[in-house]
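Remember, it's 1-based here, ligands and their atoms both numbered in the order they're listed.
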Amino acid sequence: MREAARVGTEMDMRVLVTGGCGFIGTNVVRRWRSERPDWTLVNLDKLTYAANPENLADLERDPKYIFVRGDVGNEELVSHVLESRKIDAVVHMAAESHVDRSILGPGIFIESNVRGTQVLLDACKRAKVSRFVMVSTDEVYGSLGPTGLFTESTPLAPSSPYSASKAAADLIALAYHHTFEMDVVVTRCSNNYGAFQFPEKFIPLMITNAMRDESLPVYGDGGNVRDWIHVDDHATGILAALEKGKAGETYNFGGSSERRNIDVAKQILAQLKKPETLLKFVQDRAGHDRRYAIDASKAKRDLGWSPAHDFENGLAETVRWYVGHPEWIEKTRSGEYRNYYDKQYGARLA
Ligand code: NAD
Ligand code: TDX
């Protein structure tokens with residue numbers, strides 16, 4: 001293991017981010033390039049349906065940004081990247097990330113999220129990487145009743161194949177700390193929103209459907225609650241965990257912005273000046289978690305982190321971003337998206 005002290009103190013850190021062409025990855029890479037200009041960022045991404053390398057096209061000529069196309073489960077490739085690029089730290093974000101897709105087909109979630117994470121961890125162990133940040137999720141805790149918050153000691157009780165695969169990866173990463181003394185830090189964040197989010201997820205789906213005067217499919221009674229956080233605040237949280245987190249610890253991040261889905265959908269319609277008749281209550285998601293809410297006091301106290309964005313302003317800014325990027329929407333909603341949309345919503349919206 002290289003000295004853990006190297007992380008957070010060196011000007012010229014070389015960080016491997018996985019899944020950098022996805023929603024959170026794009027925002028992380030863009031933000032960290034400007035906040036840590038001396039770091040080299042190597043982005044390993046398989047480019048699944050959810051990836052959009054054009055999000056980072058303007059970094060192509062940046063000598064401190066390197067893109068490598070590949071699977072985190074490809075042992076040979078991962079080891080080669082770690083050694084040849086002399087990687088100091090790894091921030092692991094690559095994953096299959098959509099709950100509904102994990103209900104339609106769990107296999108790839110186990111392959112990428114569980115096996116992929118284990119292969120990556122093994123390669124990092126061999127290469128003596130100084131720090132491994134596992135980007136996990138609050139969904140590993142399962143569902144809350146009407147009161148209470150998830151803390152880092154809430155027992156894990158994932159409900160969906162997606163969250164179960166993330167819980168497995170999260171625990172395997174911690175096991176590599178306990179068993180092999182690897183320097184691992186785990187982050188568990190609540191629902192992110194912001195620019196570049198693939199329109200299968202709730203907020204961009206509601207925005208892009210409303211923009212086209214299409215129905216907004218609200219699952220169940222619309223009373224499920226999510227604790228929304230701006231993606232930029234998650235990006236600063238992961239950075240703080242990388243630089244200041246303690247090995248073997250987990251840190252929750254959340255925006256203290258609990259909202260019912262139906263209220264978020266109505267807010268989006270109001271901003272776009274579209275009628276509420278577009279709302280359509282549809283068959284619920286199987287095993288749908290009722291409520292998520294995060295206690296982020298540990299990250300605030302130990303990492304000096306706090307969210308900078310307020311939900312109402314952040315949502316308004318996000319709606320404006322989508323309105324300003326019709327070509328991006330067109331591209332992401334074409335091809336494979338149509339097949340998925342028909343499978344997921346065809347019967348629900350018929
Ligand atoms: P995303 O689906 O937008 O992006 C995932 C990226 O990972 C894509 O670019 C994809 O090509 C890549 N990828 C998938 N499988 C891969 C593999 N086997 N090898 C290499 N690359 C692969 O997801 P996101 O919303 O940006 O989420 C990123 C991470 O953050 C995930 O680990 C997710 O579980 C976690 N997370 C997300 C949220 C959220 O609200 N979106 C909240 C908490 C945690
Ligand atoms: O069409 C929809 N209608 C609807 O009512 C969709 C896609 C979602 N919903 C509801 C389900 C949830 O209660 O909206 C809420 C948010 O749904 P998603 O955007 O699918 O997010 P969620 O299932 O909460 O998971 C997200 O947060 C945690 C991310 O997708 C995960 O990657 C992250 O780990």
> Between Tyr345 and Tyr341, what is the ring plane arrangement, given parallel below 30°, perpendicular above 60°, and tilted in between?
Replying inline: tilted
>> Would you call the rings of Trp228 and Phe311 parallel, tilted or perpendicular, taking 30° and 60° as the class edges?
In response: parallel
> Using 4.0 Å as the upper bound for N to carboxylate O, is an ion pair formed by Lys166 and Glu96?
Replying inline: no
>> Before we go on, tell me: are the rings of Trp305 and Tyr251 under 6.0 Å apart, centre to centre?
In response: no
> Heavy atoms under 4.0 Å from ligand 1: which residues qualify?
Replying inline: Gly19, Cys21, Gly22, Phe23, Ile24, Asp45, Lys46, Leu47, Thr48, Ala50, Ala51, Gly70, Asp71, Val72, Met93, Ala94, Ala95, Ser97, Ser112, Val135, Ser136, Thr137, Tyr162, Lys166, Cys189, Ser190, Asn191, Asn192
> Taking the inter-plane angle between the rings of His230 and His309 on a 0 to 90° scale, is it parallel (under 30°), tilted (30 to 60°) or perpendicular (over 60°)?
Replying inline: parallel
> Taking only residues two or more places apart in sequence or in another chain, which ones pass side chain to side chain contact (heavy atoms under 4.5 Å, CB included) with Pro199?
Replying inline: Pro204, Thr208, Trp328, Thr332, Arg333, Tyr337
>> Just verifying a value: how many Å separate Met206 CE and Ser215 OG, rounded to the nearest 0.5 Å?
In response: 10.0 Å
> So which protein residues pack against ligand 2 under 4.0 Å, heavy atoms counted?
Replying inline: Ser97, His98, Val99, Asp100, Thr137, Glu139, Tyr162, Asn191, Glu200, Lys201, Phe202, Leu205, Pro217, Val218, Tyr219, Asn224, Arg226, Asn261, Arg285, His288, Tyr292, Tyr345
> How about Tyr49 and Phe198: are their ring centres within less than 6.0 Å of each other?
Replying inline: yes
Pairs of donor and acceptor atoms involving the side chains of residues 270-277, under 3.5 Å and at least two apart or interchain, shall be tabulated with distances.
| residue | atom | partner | partner atom | Å |
| --- | --- | --- | --- | --- |
| Gln271 | NE2 | Ala316 | O | 3.1 |
| Lys274 | NZ | Asp213 | OD1 | 2.9 |

